[in-house]
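Here is the structure we will look at.
These numbers come from a predicted model, not from an experiment.
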Amino acid sequence: MIGADPPAFGVYVHWPFCLSKCPYCDFNSHVRHTAIDEPRFLRAFTAEIASMAARVPGRTVSSIFLGGGTPSLMQPTTVGTILDTIGKHWTVVPDVEVTLEANPTSVEATRFRGYRVAGVNRVSLGVQALDDGALKELGRLHTAREALDAVAIARSAFDRYSFDLIYARPRQTPQAWAGELKQAIAEAAEHLSLYHLTIEPDTPFHTLHAAGKLAVPDDDTSRALYDVTQDICNGAGLPAYEISNHARAGAECRHNLVYWRGHEYAGIGPGAHGRLDIDDRRHATMTEKRPEAWLMRVESLGHGLVTDDVLMSEERADEFLLMGLRLAEGIDPTRYTALAGRTLDPARIATLVAHGFVESNRDGCLRVTPAGFPVLDAVVADLAA
């Protein structure tokens with residue numbers, strides 16, 4: 001496994017606003033053509049943090065992630081107040097990882113220095129492509145040059161930074177992707193997130209695809225693009241530690257490991273999800289998705305929660321399996337047994353091992369093999385059955 005796995009507690013803060021809505025995006029992001037009342041939203045964020053901390057007091061925060069939306073549209077002082085409020089209500093470890101997502105269109109050197117002063121120590125840039133034609137088709141507002149300039153600003157302001165790319169784009173070839181990926185690796189210090197384009201329901205891309213106006217790579221080409229991704233990243237010392245995330249040893253995103261390892265996290269802001277342990281039971285929480293409705297709910301109730309479900313042992317075990325097998329390190333089967341009250345089926349494991357899809361390492365962890373990752377959903381479904 002990636003070092004020890006002590007209990008961790010993360011805080012996710014969702015800023016829901018963007019300058020524009022990308023046609024592939026199904027995240028809870030919203031465009032507003034009038035000014036956002038940032039001070040009012042900040043008061044609601046601080047109120048919800050206080051309310052959440054009252055439910056789960058005494059936690060020690062190991063990571064904070066400001067996501068969206070485009071949280072780099074917030075003023076650095078807003079970010080600073082949010083971080084100060086988290087520190088007021090919970091204990092924060094001295095080496096806490098604080099990540100802020102940013103789009104290249106909202107990156108300014110002065111603003112980034114402000115985030116650094118506020119307490120952010122890691123940024124994740126939504127670059128998505130290093131090809132101007134692809135960026136336009138993806139609905140991005142920046143050019144490849146602007147993206148690289150933003151990466152340079154991030155490099156100058158932060159010791160840790162990452163950026164995202166989307167592959168398996170319309171008409172993309174393995175040869176073109178290989179060149180683009182090598183260029184990206186030359187700019188990346190320690191971490192890259194590389195996402196296979198997925199056509200999500202209720203997005204403009206889904207509508208275009210259904211109408212035959214958006215052609216994505218076929219299965220063979222998609223697999224070739226995936227294989228190119230693994231080969232080039234492995235060769236550059238950036239292996240996949242999770243199915244879509246690549247990092248040098250020790251540079252993994254600690255906050256995302258909270259999710260994938262099944263630890264606790266609080267979700268703050270419109271549409272934020274959380275997993276909280278209260279009275280020895282795991283609660284799955286979600287807040288109101290619509291920003292203005294969330295705002296009014298927090299102002300009247302002190303929180304925006306609309307879902308607070310206690311997960312049954314089988315549900316929690318299935319979630320642990322689903323998330324944990326995304327990691328190259330895999331899962332500890334004894335932890336699954338403790339959660340589910342039953343063991344994984346040895347016969348199913350044996351069949352998957354025989355097909356080369358899973359393996360057990362010397363620590364006894366069950367993990368998906370490189371051959372199994374392209375069919376990960378099927379592997380997880382088989383084990384969970």
Side-chain angles (χ1 to χ4, degrees), residues 11-49 64-86 98-129 135 138-143 146-158 160-164 166 193 255 267-272 287-296 298 304:
V11 179
Y12 175 78
V13 180
H14 190 79
W15 180 258
F17 302 112
C18 284
L19 295 175
S20 65
K21 183 78 171 180
C22 298
Y24 57 84
C25 178
D26 70 338
F27 292 166
N28 186 38
S29 59
H30 304 265
V31 177
R32 296 290 181 264
H33 298 295
T34 55
I36 308 294
D37 189 343
E38 193 166 322
R40 186 181 173 195
F41 271 91
L42 176 58
R43 289 191 294 271
F45 278 119
T46 59
E48 189 161 71
I49 291 167
I64 300 167
F65 197 101
L66 298 129
T70 307
S72 55
L73 295 176
M74 283 188 282
Q75 294 298 318
T77 53
T78 299
V79 172
T81 301
I82 289 171
L83 297 180
D84 288 345
T85 304
I86 291 171
V98 183
T99 303
L100 179 135
E101 287 185 331
N103 277 342
T105 47
S106 59
V107 171
E108 301 169 16
T110 53
R111 183 177 287 246
F112 263 31
R113 285 193 291 270
Y115 292 136
R116 182 67 182 263
V117 170
V120 174
N121 54 31
R122 182 178 182 273
V123 292
S124 178
L125 291 163
V127 170
Q128 312 310 4
L135 285 168
L138 290 170
R140 308 299 287 172
L141 300 180
H142 60 271
T143 64
E146 288 169 334
L148 293 174
D149 289 345
V151 171
I153 292 171
R155 184 185 300 118
S156 69
F158 297 95
R160 300 188 62 199
Y161 66 94
S162 176
F163 58 90
D164 302 353
I166 294 173
S193 297
H255 185 82
I268 307 296
T287 55
E288 166 61 51
K289 292 177 68 173
R290 296 166 297 167
E292 289 76 18
W294 171 84
L295 188 63
M296 290 186 287
V298 175

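The structure places NE2 of H30 at 6.5 Å from NZ of K21, a figure rounded to the nearest 0.5 Å. Going from atom CD1 of I153 over to atom CG of L148 covers 11.5 Å, rounded to the nearest 0.5 Å. L73 contributes atom CG, which lies 8.5 Å from atom CD1 of I36 (distance to the nearest 0.5 angstrom). For the atom pair OG1 (T143) and CG (D149), the distance works out to 7.5 Å, reported to the nearest 0.5 Å. Rounding to the nearest 0.5 Å places CE of M296 at 8.5 Å from CD of E288. Here CD1 of I64 is found 13.5 Å from OH of Y12. Values are rounded to the nearest 0.5 Å.
Counting only distance, with no hydrogens or angles, the side chain of R140 and the backbone of P104 share no donor-acceptor pair below 3.5 Å. For the pair T287 (side chain) and A272 (backbone), a donor-acceptor distance under 3.5 Å is present. Judged purely by atom type and a 3.5 angstrom limit, N121 uses its side chain to pair as donor or acceptor with the backbone of V98. Under the 3.5 Å distance criterion, the side-chain polar atoms of Q128 are left unmatched by any main-chain donor or acceptor of L135. A donor-acceptor pair is defined here as one N or O able to donate and one able to accept, closer than 3.5 Å; such a pair exists between the side chain of R116 and the backbone of A157. In this structure a side-chain-to-backbone donor-acceptor pair under 3.5 Å is present from H14 to N28.
Taking all atoms of both residues into account, the shortest heavy-atom contact from G304 to W294 is CA-CD1, 3.7 Å. When every heavy atom of P23 is checked against every heavy atom of L138, the shortest pair comes out as CD-O, 3.1 Å. Among all heavy-atom pairs drawn from V298 and A44, the shortest one is CG1-O, 3.5 Å. Closest approach of G114 to P76, counting heavy atoms only: C-CB, 3.6 Å. For the residue pair L83 and V120, the shortest heavy atom distance occurs at CD1-N, 4.0 Å. When all heavy atoms of F27 and G68 are compared, the closest pair comes out as CD1-O, 4.0 Å.
Proximity of F65 to E101: side-chain heavy atoms (C-beta onward) are separated by under 4.5 Å at one or more points. Considering only heavy atoms from C-beta on, T81 comes within 4.5 Å of T46 through its side chain. Between S72 and Y115 the shortest side-chain heavy-atom distance falls below 4.5 Å. Residues L42 and Q75 have side chains not in contact (no heavy-atom distance under 4.5 Å, counting atoms from C-beta outward).
Checking P270, S29, P71 one by one against P16, the side-chain contact (heavy atoms from CB on, under 4.5 Å) holds for a single residue, P270.
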Requested in this report: Output, in order, the C-alpha distance, side-chain angles, deciding distance and verdict of side-chain contact (heavy atoms from CB on, under 4.5 Å) for F17 and E38.
Outcome: CA-CA 11 Å; F17 302 112; E38 193 166 322; over 6 Å; no
Query raised in the report: How far apart are the C-alpha atoms of T70 and L19, what are their side-chain angles, what is the distance that settles it, and do they pass the side-chain contact (heavy atoms from CB on, under 4.5 Å) test?
Result: CA-CA 8 Å; T70 307; L19 295 175; over 6 Å; no
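Electrostatic pairing of E292 and R32 counts as a salt bridge here, judged by a charged N lying under 4.0 Å from a carboxylate O.
Note: F45 and F41 have tilted aromatic rings, judged against thresholds of 30 and 60 degrees for the angle between ring planes.
Within 6.0 Å of CZ in R290 there are 12 or fewer heavy atoms belonging to other residues, nucleotides or ligands.
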